[in-house]
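Below you'll find the structure, written out as structure tokens, and then a few comments.
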Amino acid sequence: MSLKSEQTSAHGGVPETTAPYQPVFVGAARAELERLRPSYPTMQALLLPALWIIQRERGWISEAAMAEAGEVLKLTPAYVKGVVTFYTMYHTHPVGRHFIQVCTTSPCSICGSEETLAAILRYTGCGELGATSSDGRFTVIEVECLGACGFVTPIMVDDDFIESVTPERVPDILARYP
Amino acid sequence: MGFPYPSDPRETVLLSKYFGDAGARSYTGWTERGGYEGVKTALGMAPEAVVEEMKASGLRGRGGAGFPTGLKWSLMPKKADKPHYLVCNADESEPGTFKDREIMRWTPHALIEGCLIAAHAIRAERIYIYIRGEYTEPLAIMERAVAEAYANGAAGENVFGSGTRIDVTLHRGAGAYICGEETAMLNSLEGKRGNPRIKPPYPAQAGVFGLPTTINNVETLAAVPHIMVRGAAWYKSLSLSNPKSTGTKLISVCGHVARPGNYEVTMGTPMRELIYDMCGGMRPGRTLKAVIPGGSSVPIMNAEEADRCLLDYEGVVAAGSMLGSAGMIVMDDSTDMVRAIWRLAKFYAHESCAQCTQCREGTAWTTKILERILAGLGKESDLQLLLDLSENMTGKTICVLSDSCAAPIVSGIQKFRGEFDAYLAKARTPAMATA
Ligand SMILES: Cc1cc2nc3c(=O)[nH]c(=O)nc-3n(C[C@H](O)[C@H](O)[C@H](O)COP(=O)(O)O)c2cc1C
Ligand code: FES
């Protein structure tokens with residue numbers, strides 16, 4: 001494993017720290033990946049599951065982590081990066097403590113999801129989409145159809161899927177995420 | 001049932017019977033409700049006989065294309081001298097569609113049983129269920145159900161003592177609408193970017209890991225146990241209009257109806273009955289303007305077309321659109337059609353995998369032109385430009401994402417031209433600040 005330093009904040013313009021990279025795939029995380037191995041005929045097929053493990057452990061997927069996944073699965077770092085950046089759910093930079101996704105695709109949009117989004121931006125103080133609030137608590141993004149179009153507005157806060165969110169419900173819901 | 005509302009007597013509840021009944025989620029709860037009988041029957045039959053039963057039932061794919069399920073299974077090689085795979089498409093991301101999610105949340109064992117029957121029929125040794133990354137709750141419920149299936153001998157090395165080995169693996173997607181396209185899904189499963197593949201070769205010859213593969217939608221597979229238990233003839237008899245459309249269909253209804261939800265109806269049920277009787281009609285004081293009946297990828301219908309539409313594969317075509325995934329987006333007279341269409345175009349622009357030029361450029365340009373129209377900066381020639389671009393986006397790419405973007409644009413201009421003209425003539429207040 002290379003000891004390339006991990007960028008701890010590519011996001012807020014804060015200078016990088018140079019703490020040595022701590023590998024993810026040791027101990028329990030390594031065992032978890034090994035357990036999946038018999039389910040697939042190739043190592044490469046473990047890439048999406050491996051990236052999920054990294055994101056769960058670290059909150060985001062740094063270049064160093066991509067390199068580690070590549071090393072474990074015998075793929076080049078460039079290949080891994082190509083895959084990571086294809087999928088919208090993998091974070092390639094740090095995000096707030098709570099990551100909020102709000103659906104604004106047409107079925108939700110015609111039923112008022114943009115007002116809910118505006119209320120969420122106001123409550124969190126994020127100001128704009130994709131930005132992290134100054135207290136580091138929230139990042140808010142727009143997301144495409146969450147597959148719950150009958151229950152406008154569906155949002156995701158981290159791994160929690162919450163339906164029928166209205167501007168009025170926003171403060172109560174988000175208060176649960178300190 | 002018109003889930004989450006109580007079931008309507010006009011529905012035919014097969015797949016949705018236990019929606020809302022948390023007791024149906026466990027292995028024991030499911031067997032108490034008659035579960036896992038279909039797969040036992042199937043395992044006692046030759047794979048070919050199961051395929052014939054599916055053919056006779058008339059079941060067609062519920063994922064969007066409506067391809068006959070029995071015929072699809074029959075395209076798999078008869079010999080299993082190399083591994084065969086079944087891939088269950090649980091990527092549900094077509095705007096307007098939210099039915100597969102309820103199947104997984106409430107009746108996970110129905111899906112597992114359908115998968116096992118299909119796997120036996122196509123001689124697959126492993127089932128991959130590819131679940132979209134955002135479906136965290138359905139995934140957790142499916143994980144529990146798969147573990148229970150293994151613990152009870154319903155999956156693994158000796159399924160129900162038949163001597164057949166079938167393994168089940170859940171695979172989590174990571175946010176990409178295109179991975180619902182079956183060959184993109186295969187690439188994604190292999191740990192690649194989710195780019196659709198050029199066909200041929202078809203998945204039945206060279207699918208995931210280059211091996212024979214069948215891909216079926218969640219709802220298609222969840223219907224299979226019912227056919228095994230009650231027979232093809234019974235299933236085929238569930239048809240109110242055209243004998244080529246059989247069984248029940250879960251219709252996700254969203255938008256401006258009084259009671260949005262999932263409604264399960266017999267094929268051929270009039271759309272009117274669904275909207276006005278089962279869904280409680282439009283919101284108070286509003287009238288119907290348009291319906292997109294098959295998820296967002298199909299032509300928009302106006303109120304007159306919706307009024308005479310029968311909900312089956314042929315009926316929706318006769319009324320000017322397609323049944324698709326049956327995610328029905330209902331829009332009332334308050335809807336700004338230009339804005340609704342723009343937001344769909346933006347969806348496709350965001351979700352294009354960018355492999356084909358017509359799609360990558362076409363989805364982006366149509367979105368920008370619609371933005372400029374909404375900002376009050378549109379030109380008279382813009383509508384023709386949109387139609388020309390749409391023409392170039394149809395039938396020319398590896399998959400049909402680009403065609404899907406063109407469908408609502410072209411039908412929108414045809415059927416709601418006045419709303420576009422109002423923006424162009426500056427008779428309407430811009431709905432967007434800048435283009
Ligand atoms: C862009 C695109 C997205 C698709 N998304 C889905 C999807 O989310 N779920 C699904 O079951 N089928 C989807 N399909 C259809 C699949 O390619 C495939 O036809 C289907 O899963 C086959 O299963 P069936 O025969 O049981 O319907 C999509 C197709 C395209 C072109
Ligand atoms: S459009 Fe918002 S969940 Fe489908």
Side-chain angles (χ1 to χ4, degrees), chain A residues 36 38-53 55 61 69 73 75 79-91 101 103-114 141-152 154-156 158-164, chain B residues 4 83 92-98 100-101 126 128 132-137 167 169 171-177 179 188-195 208-209 211 252-256 259-262 292 296 327 329 331-332 334-336 339-344 346-347 350-351 353 408:
Chain A
L36 297 174
S39 298
Y40 302 90
T42 66
M43 291 273 265
Q44 190 176 22
L46 292 172
L47 182 52
L48 266 62
L51 294 171
W52 276 123
I53 293 173
Q55 183 149 305
I61 303 175
L73 300 177
L75 303 164
Y79 177 85
V80 175
K81 188 169 187 177
V83 172
V84 171
T85 53
F86 185 85
Y87 298 94
T88 56
M89 291 183 78
Y90 295 132
H91 306 313
Q101 310 183 62
C103 176
T104 60
T105 309
S106 294
C108 282
S109 152
I110 62 167
C111 293
S113 67
E114 278 143 40
I141 65 156
E142 249 183 328
V143 69
E144 298 295 346
C145 182
L146 281 175
C149 330
F151 320 112
V152 179
I155 71 170
M156 283 193 82
D158 307 327
D159 273 348
D160 299 340
F161 200 102
I162 308 167
E163 293 169 5
S164 308
Chain B
E92 189 165 65
S93 336
E94 171 81 10
T97 317
F98 46 97
D100 298 343
R101 163 177 185 259
R126 188 173 291 275
Y128 291 108
R132 71 176 292 186
E134 291 86 351
Y135 277 1
T136 45
E137 190 203 359
D167 282 297
T169 302
H171 195 90
R172 185 181 181 194
Y177 165 69
C179 289
S188 181
L189 253 178
E190 290 179 6
K192 299 176 180 161
R193 292 167 70 91
N195 291 335
V208 73
F209 308 114
L211 293 162
S252 307
V253 188
C254 67
H256 300 144
R259 290 193 295 271
N262 280 296
I292 314 186
S296 62
I329 309 165
M331 299 184 246
D332 70 21
S334 72
T335 314
D336 179 339
R339 198 167 191 284
I341 293 166
W342 156 72
R343 190 59 188 81
L344 286 182
K346 188 176 165 203
F347 166 83
H350 183 262
E351 300 300 330
C353 83

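Order of the sequence lines fixes the chain letters, A, B, ..., with proteins taken first and strands second; residue numbering starts at 1 for each chain. Just so we're clear, the structure is a prediction, and the values are computed from it rather than from any experiment.
Donor-acceptor pairing under 3.5 Å is lacking for the side chains of Thr169(B) and Tyr40(A). Using a 3.5 Å distance cut-off with no hydrogens or angles, the side chains of Thr105(A) and Glu144(A) do pair a donor with an acceptor.
A distance-only check finds a donor-acceptor pair linking the side chain of Glu92(B) to the backbone of Asp100(B) [under 3.5 Å]. A donor-acceptor contact shorter than 3.5 Å links the side chain of Ser106(A) to the backbone of Ala340(B).
Most heavy-atom pairs under 4.5 Å with chain A, from the set Asp336(B), Ile329(B), Val208(B), Val253(B): that is Ile329(B). For the set Ala174(B), Gly191(B), Ser93(B), the count of heavy-atom pairs under 4.5 angstrom toward chain A peaks at Ala174(B). Here Gly133(B) is the residue among Ala176(B), Gly133(B), Pro83(B) with the most heavy-atom pairs under 4.5 Å with chain A. Most heavy-atom pairs under 4.5 Å with chain B: of the set Thr104(A), Asp160(A), Leu48(A), Val152(A), this distinction falls to Thr104(A). Contact count against chain A (heavy-atom pairs under 4.5 Å) is highest for Gly194(B) among Ser252(B), Gly255(B), Gly96(B), Gly194(B). Interface remark: of the candidates Gly82(A), Ala50(A), Cys108(A), Gly82(A) forms the most heavy-atom pairs closer than 4.5 Å to chain B. Of the listed residues (Met331(B), His350(B), Glu137(B)), the one with the most heavy-atom contacts under 4.5 Å to chain A is His350(B). Top candidate by heavy-atom pairs under 4.5 Å with chain B, chosen from Val143(A), Ile110(A), Leu36(A), is Ile110(A). Chosen from Arg126(B), Arg339(B), Glu94(B), Lys346(B), the residue pairing most often with chain A at heavy-atom distances under 4.5 Å is Arg126(B).
Looking at Glu351(B), only its side chain comes within 4.5 Å of chain A, counting heavy atoms on both sides. With a threshold of 4.5 angstrom between heavy atoms, Glu190(B) approaches chain A through N, CA, C or O but not through any side-chain atom. Contacts between Ser296(B) and chain A at a heavy-atom distance below 4.5 Å are absent for every atom of the residue. For a residue to count as touching a neighbouring chain, one of its non-hydrogen atoms must lie under 4.5 Å from one of that chain's; by this rule Tyr135(B) touches chain A with the side chain only. Heavy atoms of Phe347(B) lying under 4.5 Å from chain A belong to its backbone as well as its side chain. For a residue to count as touching a neighbouring chain, one of its non-hydrogen atoms must lie under 4.5 Å from one of that chain's; by this rule Thr97(B) touches chain A with the backbone only. Proximity to chain B is limited to the backbone of Pro38(A), based on heavy atoms less than 4.5 angstrom apart.
Taking 4.5 Å as the limit, some side-chain heavy atom of Trp52(A) sits within range of a side-chain heavy atom of Met89(A). Under the 4.5 Å side-chain criterion, counting only non-hydrogen atoms from C-beta, Phe151(A) is in contact with Pro4(B). Under the 4.5 Å side-chain criterion, counting only non-hydrogen atoms from C-beta, Ser113(A) is not in contact with Cys103(A). Side-chain contact between Arg172(B) and Thr136(B): present, with at least one pair of heavy atoms (C-beta onward) separated by less than 4.5 Å.
Residue Lys81(A) qualifies as open at atom NZ: its count of foreign heavy atoms under 6.0 Å is 12 or below. The neighbour count for His91(A) NE2, taken as heavy atoms of other residues, nucleotides or ligands under 6.0 Å away, is above 12.
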